[in-house]
Amino acid sequence: MLKGRHLIDPMDLSVEELERLFELAGKIIEDPKKYAESCKGYLLATCFYEPSTRTRLSFEAAMLRLGGQVLGFSSSDSSSASKGESVKDTIQTIGCYADICAMRHPKEGAPKVAALASPIPVINAGDGGHQHPTQTLTDLLTIRSLKGRLSNFTVGLCGDLKFGRTVHSLIKALARYDGIKFVLISPEELKIPDYIREEILIKNNIEFEEIERLEHTIGTLDILYMTRVQRERFFNEADYIRLKDSYILDKSKMKMAKEDLAVLHPLPRVNEISVEIDNDPRAVYFKQAKYGMFVRMALIIKLLGVEEC
Ligand code: NCD
């Protein structure tokens, strides 16, 4: 039962619970009208202290498509955070008005602090450079729907693996499935944090390699997860400028890739995927954005514990 629980870290859901969630998402995709009133009378609060397009709007679209309603703020300037209010006080207040809350915050751990004080389920919609569990649900549902499974893949993760929270959450979640090999492609300065390498990959005996050149490995990959260099997390603009165009996935690189490669990206993209490959059937990042709404519909239903058809 997920009713009343928080989702702060991808490991908060077991593989079995994920399976049930994806099954529900699949049913919603097949017959969305059937769920059009599932959350009637419920309110979702979106508390976003950092910019967002897909995450916030897909949460809101999800709740509206379930017949519920939404309220919230989309920047810290427009909330009392700008007056110095703590996350703990804010969530205690939001809990008086809404039934469930999705929170994005630039500080790592802020949604967890909120969850500890919250009378309603809190969903981490991205905390600093740490975790982004609902993007991972989106990524897993995309892979499962398009490839039919979540095991036995060589998965390349490319770009800013240091600050990219989507990468950290995806590695944690995928490491639980059989036969996953990770190829971690990044400049030296943007390698995955030590806690992911040691606590997740080495400790669990997961096969992985760390390399710098995408063209050296693209032909071996079943899934390529591209990411943006996270400008907002750099201390120094000069370092960002130097690293921002480390990777550009274009037609010439796609020629070296497998016929059935799937290219994912949490979006927004900057330069790391050339628009010239948008029409390549292997480029699935806009489909992925759509799966994000369906998986959030399923998640809201589960956390609210409303009747499932
Ligand atoms: C990502 C994020 O916010 O971490 N975007 C998203 O939620 N789809 C990736 C990014 O901003 O680069």
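Nothing fancy with the numbering, it's 1 onward along the sequence. These numbers come from a predicted model, not from an experiment. Every number for a ligand or one of its atoms is a count from 1 in the order of the listing.
- Of all atoms in ligand 1, numbered sequentially from 1 with element shown, those under 4.0 Å from a heavy atom of Pro266 are 8 (N), 9 (C).
- At the shortest separation from atom 3 (O) of ligand 1 among protein heavy atoms lies Arg165 NH2, 2.9 Å.
- A salt bridge links Glu19 with Arg144: the closest approach of a Lys/Arg side-chain nitrogen to an acidic carboxylate oxygen falls below 4.0 angstrom.
- Between Glu272 and Lys244 there is no salt bridge, since none of the side-chain N atoms of the basic residue sits less than 4.0 Å from a carboxylate O of the acidic one.
- Shortest contact from atom 6 (C) of ligand 1 to any protein heavy atom: Leu267 O, 3.5 Å.
- In terms of polar-atom proximity, Arg104 is counted as a contact of ligand 1, with an N or O under 3.5 Å from an N or O of the ligand.
- Not a single heavy atom of Gly164 sits under 4.0 Å from any atom of ligand 1.
- Within the 4.0 Å heavy-atom shell around ligand 1 one finds Gln230.
- Which parts of ligand 1 touch Pro268 is read off a 4.0 Å heavy-atom cut-off, strictly below it: atoms 10 (C), 11 (O).
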Audit row: Arg282, Glu259, salt bridge (Lys or Arg N to Asp or Glu O under 4.0 Å) steps and yes/no: CA-CA 8 Å; Arg282 295 172 290 182; Glu259 291 280 297; 5.2 Å; no
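- Heavy-atom proximity to His132, at under 4.0 Å, picks out these atoms of ligand 1: 2 (C), 4 (O), 6 (C), 7 (O).
- Remark: side-chain polar atoms of Gln288 are paired, donor with acceptor, to backbone N or O of His265 under 3.5 angstrom.
- Considering backbone and side-chain N/O of Arg228, one or more are found under 3.5 Å from N/O of ligand 1.
- Ring orientation note: the planes of Tyr49 and Phe73 are nearly perpendicular, at an angle over 60° on the 30°/60° scale.
- Using a 4.0 Å cut-off between a side-chain N of Lys or Arg and a carboxylate O of Asp or Glu, Lys258 and Asp222 qualify as a salt bridge.
- If you number the atoms of ligand 1 from 1 as listed, the ones under 4.0 Å from a heavy atom of Thr166 come out as 1 (C), 4 (O).
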